[in-house]
Amino acid sequence: QVQLVESGGGLVQAGGSLRLSCAASGRAFSSYTMGWFRQAPGKEREFVMAITWNGDRIYYADSVKGRFTLSRDNAKNTLYLQMNSLKPEDTAVYYCAVRIRGRNEPPWTGRDFGSWGQGTQVTVSS
């Protein structure tokens with residue numbers, strides 16, 4: 001099983017940037033499609049972005065199109081989420097996870113992913 005630890009969250013002003021990292025240990029990180037989800041207070045966890053095991057396909061939610069980019073370094077067992085032009089509505093706890101079931105392409109829900117990390121808080125002030 002893969003263990004995941006997110007980092008890089010923080011407080012930023014609207015229009016600013018943050019880079020989240022997700023460090024993996026355990027079974028072969030490079031074999032899995034990896035994803036980021038986020039959960040704002042009082043809302044359900046929602047899909048943000050995902051990347052296939054070799055990075056040849058990247059999927060994203062419309063809400064982050066053109067602002068967030070996703071990459072992975074399989075040699076370092078690390079997933080990166082670069083978030084630019086942040087908006088107050090991006091405020092949430094961000095989680096990385098491993099795709100474990102379901103379709104090979106979106107739509108996905110949190111049930112299609114597992115090995116959740118503890119999350120990292122992103123707060124965007126207006």
Query - W108-Y59 aromatic ring centre distance below 6.0 Å - result: yes
Query raised in the report: Can you tell if the side chain of N84 reaches within under 4.5 Å of the side chain of S17, non-hydrogen atoms only?
Result: yes
Requested in this report: Measure the shortest side-chain to side-chain distance between L4 and M34 over non-hydrogen atoms and say whether it is less than 4.5 angstrom.
Outcome: yes
Requested in this report: Could you tell me the separation between the OG1 atom of T52 and the OH atom of Y32, rounded to the nearest 0.5 Å?
Outcome: 15.0 Å
Report summary line: Of all heavy-atom pairs linking S126 and P88, the shortest is CB-CG, 3.8 Å
Query raised in the report: Does the pair R99 and N104 meet the rule for a side-chain contact (heavy atoms from CB on, under 4.5 Å), with working shown?
Result: CA-CA 9 Å; R99 190 182 74 81; N104 288 330; 3.1 Å; yes
**Report entry** Nearest-0.5 Å distance, CD1 of residue I58 to OG1 of residue T33
**Finding:** 11.0 Å
Requested in this report: Decide whether V124 and L18 are clustered together by the hydrophobic rule: side chain heavy atoms of Ile, Leu, Val, Met, Phe, Trp, Tyr closer than 4.5 Å, transitively.
Outcome: yes
Requested in this report: Examine R45 relative to F113 and say whether NZ or CZ is less than 6.0 Å from the centre of the six-membered ring and inside a 45° cone about the ring axis.
Outcome: no
Query - Other residues, nucleotides, ligands: >12 heavy atoms within 6.0 Å of Q13 CD - result: no
**Report entry** Spatial distance of atom SG (C96) from atom CD (E6) [nearest 0.5 Å]
**Finding:** 4.0 Å
Query raised in the report: Roughly how far, to the nearest 0.5 Å, is CG of L11 from CD of Q121?
Result: 9.5 Å
Query raised in the report: So, for S21 and T78, which heavy atoms are closest and what is the spacing to 0.1 Å?
Result: CB-CG2, 4.3 Å
Query raised in the report: Below 4.5 Å, heavy atoms only, C-beta onward: do L20 and M83 meet side chain to side chain?
Result: yes
Query raised in the report: Any donor-acceptor pair under 3.5 Å linking the side chain of S115 with the backbone of V98?
Result: no
Query raised in the report: Would one find more than 12 heavy atoms of other residues, nucleotides or ligands at under 6.0 Å from atom CH2 of W53?
Result: no
Query raised in the report: Can you tell me how far CD of Q82 sits from CZ of R67, rounded to the nearest 0.5 angstrom?
Result: 12.0 Å
Query raised in the report: Does C22 reach the side chain of W36, with side-chain heavy atoms less than 4.5 Å apart?
Result: yes
Requested in this report: With the side chain counted from C-beta on, respond yes when R38 and V64 share a heavy-atom pair under 4.5 Å apart, and no when they do not.
Outcome: yes
Query raised in the report: According to a 4.5 Å side-chain heavy-atom criterion applied to Ile, Leu, Val, Met, Phe, Trp and Tyr, with indirect links allowed, do L81 and F47 form part of one hydrophobic cluster?
Result: no
Query raised in the report: To the nearest 0.5 Å, how far apart are CG in N54 and OG in S30?
Result: 10.0 Å
Query - Closest heavy-atom pair and its distance - L79, R72 - result: CD1-CB, 4.0 Å
Query raised in the report: Are F29 and F37 linked, directly or through other ILVMFWY residues, by side chains that come within less than 4.5 angstrom of each other?
Result: no
Requested in this report: Give the cluster check for L86 versus Y60: same hydrophobic cluster or not, with ILVMFWY residues linked at side-chain heavy-atom distances below 4.5 Å.
Outcome: yes
**Report entry** Hydrophobic cluster membership, L70 vs V122, 4.5 Å side-chain cutoff
**Finding:** yes
